[in-house]
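Beneath this line is the structure, given in structure tokens, with notes to follow.
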There are 2 protein chains.
Amino acid sequence: MGTTQLEAVQEPKYWHLKTVLSEALDSDFAVGEILPNERELAARFGVARATLRQALEQLELEGRLQRRRGVGTTVAPPRVGVAVATAQHDWADGGSAGEAWQPVECTDAPAPAAVAAVLSVGTDETVHVVRRIRVAHGQTVAAELLYVPAASVPGLPAVGMPSGPARARNVLQELYRLGLDGQDRSVELGSARVDDAKELDRLPGAPVLVVTTRYFAASGTAAVSVATYRADTCRLTFGDSGALEISHEEQTRQAS
Amino acid sequence: MGTTQLEAVQEPKYWHLKTVLSEALDSDFAVGEILPNERELAARFGVARATLRQALEQLELEGRLQRRRGVGTTVAPPRVGVAVATAQHDWADGGSAGEAWQPVECTDAPAPAAVAAVLSVGTDETVHVVRRIRVAHGQTVAAELLYVPAASVPGLPAVGMPSGPARARNVLQELYRLGLDGQDRSVELGSARVDDAKELDRLPGAPVLVVTTRYFAASGTAAVSVATYRADTCRLTFGDSGALEISHEEQTRQAS
DNA sequence: TAGTGGTCTAGACCACAAC
DNA sequence: TTGTGGTCTAGACCACTAG
């Protein structure tokens, strides 16, 4: 009898599915192509839709797929390498390639407790909160909240138009004018808050890379920023010599 | 009639659940405490277990919970800040605090295609592959594969004991002796491969932060490393002045 | 052995986008 | 209106840990 199948199926179905789909993506699909819908795929592989979805979720997490409600599941392009401030500050909007931060608005509000602590301001003290988004390759890849204590920008003109992009630019320029000595940065995994999700065109709870930056001036911590990057489409790059060209996806696809 | 409930329930149940649980974690539970089991929690909140699990998954992703099969769900401690090589290289194992990389083994094998391309070696050419793990606070937080072409370590002694930690140390020392000029780094989200998952004491597919580092020598790219950090427990830190003390969790918990 | 989280099923209905 | 992915249910069984 054909007892070739003595292999124990210790591997979960969704894991095996993910592998199979991943290979199919490499060989049979082009970037941007849309896959058969979930019900069809589930039937084709003989599994429940929930199981199929578990595999798709993993592939989406790894940046291989993109799913949009009402539209379908498409093959995602390789992750975009986004440079996280290498050495210079990036207050000037636009930048050389038009791929930097764009000020959206600026409000005055009390900072969250932990931010307030780092900024050495009271929890009830209002700070300038600048909202910026970062666009790369025509897509919003990050949303940021920058907290600037009033003390850090003493020369800021009195409110002409509060809460507009213009005022956001004022704060940024003033901060830049004062000069910053250095920065401190951390990266961790998070899930998109409702407002960030909206900016990033994702559902709330979508996985994001949270980059927290502390900006130093002579007097101490001048500002703190919390930037939220789309984890599915972004690869954050650091370092002396620009972006790496290879993505993790490409590295591991052919790993032994 | 008490028509107080005109609010549309546009918010998914699991999202609301997550919020409720998150607040409960802040107020009613201590770090390390174990929660009621999933069936009990689901019953208590009047939802299906799958829905409850969706909320728990999010909280685990955010580093608030830790779940272990056969054991239970516990409240996770705040994320550990791990410094990703600030300026100096970290070839010396142990380090001052015993919290650096520990060589595990060293094999000779062909590099994955994309790695080979960056290293400028042929796909079929074998390179030294050093496996290291990083331990912090008594827990393995990262697993790494370091690819070193033979050409980068010309003085490496002939194999005395291939594939042992001793040989791994040899390769690292030799690389260090030759001197490195700089490094290039990228961070992206991934899911743990089977072998990494084992080292990290996680299930395959668990979310990880993949840090790809390129090491430069005078002659070009001397080595490439792919390090896999536990995304649930780690906060990667960069920058001039050490680690940030605040975590994203703490920042946003009280955000408006 | 008992209890936990992990996997899986076969449905159902909903929100959203595009035609 | 149609078709997509997103949410939700009420079960079942499995793999693992610990007593």
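Chain letters run A, B, ... following the sequence lines, proteins first, then strands; residues in each count from 1. Remember, it's a predicted structure, so these values are computed and weren't measured experimentally.
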Quick one: list whatever passes side chain to side chain donor-acceptor pair (under 3.5 Å) with [X], sequence neighbours left out.
| X | result |
| --- | --- |
| A/Glu23 | none |
| A/Glu33 | none |
| A/Asp195 | A/Arg193 |

Side-chain N or O of A/Tyr14 versus OP1/OP2 of C/dC8: is the shortest distance under 4.0 Å? no
Does D/dT4 have its OP1 or OP2 closer than 4.0 Å to a side-chain nitrogen or oxygen of A/Thr73? no
Apply salt bridge (Lys or Arg N to Asp or Glu O under 4.0 Å) to B/Asp201 and list each qualifying residue two or more places apart in sequence or on a separate chain. none
By salt bridge (Lys or Arg N to Asp or Glu O under 4.0 Å), which residues pair with B/Arg202, not counting sequence neighbours? B/Glu60, B/Asp232
Listed partners of [X] passing side-chain contact (heavy atoms from CB on, under 4.5 Å), at least two apart:
| X | answer |
| --- | --- |
| B/Glu57 | B/Arg53, B/Arg67 |
| B/Ala111 | B/Val115, B/Ala116, B/Val127, B/Tyr147 |
| B/Val71 | B/Arg68 |
| A/Glu105 | A/Thr107, A/Arg131 |

What is the separation between atom [atom1] on [X] and atom [atom2] on [N], rounded to the nearest whole Å?
| X | N | atom1 | atom2 | result |
| --- | --- | --- | --- | --- |
| B/Lys13 | C/dA15 | NZ | P | 13 Å |
| B/Arg67 | C/dT4 | CZ | C1' | 11 Å |
| A/Arg202 | C/dC16 | CZ | P | 15 Å |
| B/His16 | D/dT7 | NE2 | P | 16 Å |
| A/Glu38 | C/dG11 | CD | C1' | 15 Å |
| A/Leu203 | C/dA17 | CG | C1' | 13 Å |

Just to be sure I understand the geometry, which residues of residues 39-61 of chain B put a non-hydrogen atom under 4.0 Å away from DNA chain C? B/Arg39, B/Arg49, B/Arg53
pair B/Asp196-B/Val208: side-chain heavy atoms closer than 4.5 Å: no
Within-4.5 Å side-chain heavy-atom neighbours: A/Val75 and A/Leu35: yes
Using both pair distances under 3.5 Å as the test, note the stems of at least 3 consecutive Watson-Crick or G-U pairs that include DNA chain D. C:1-18 with D:1-18
Pick out the pairs of N or O atoms, protein on one side and nucleotides 1-3 of chain D on the other, that lie under 3.5 Å.
from: D/dG3; atom 1: N2; to: A/Gly70; atom 2: O; distance (Å): 3.3

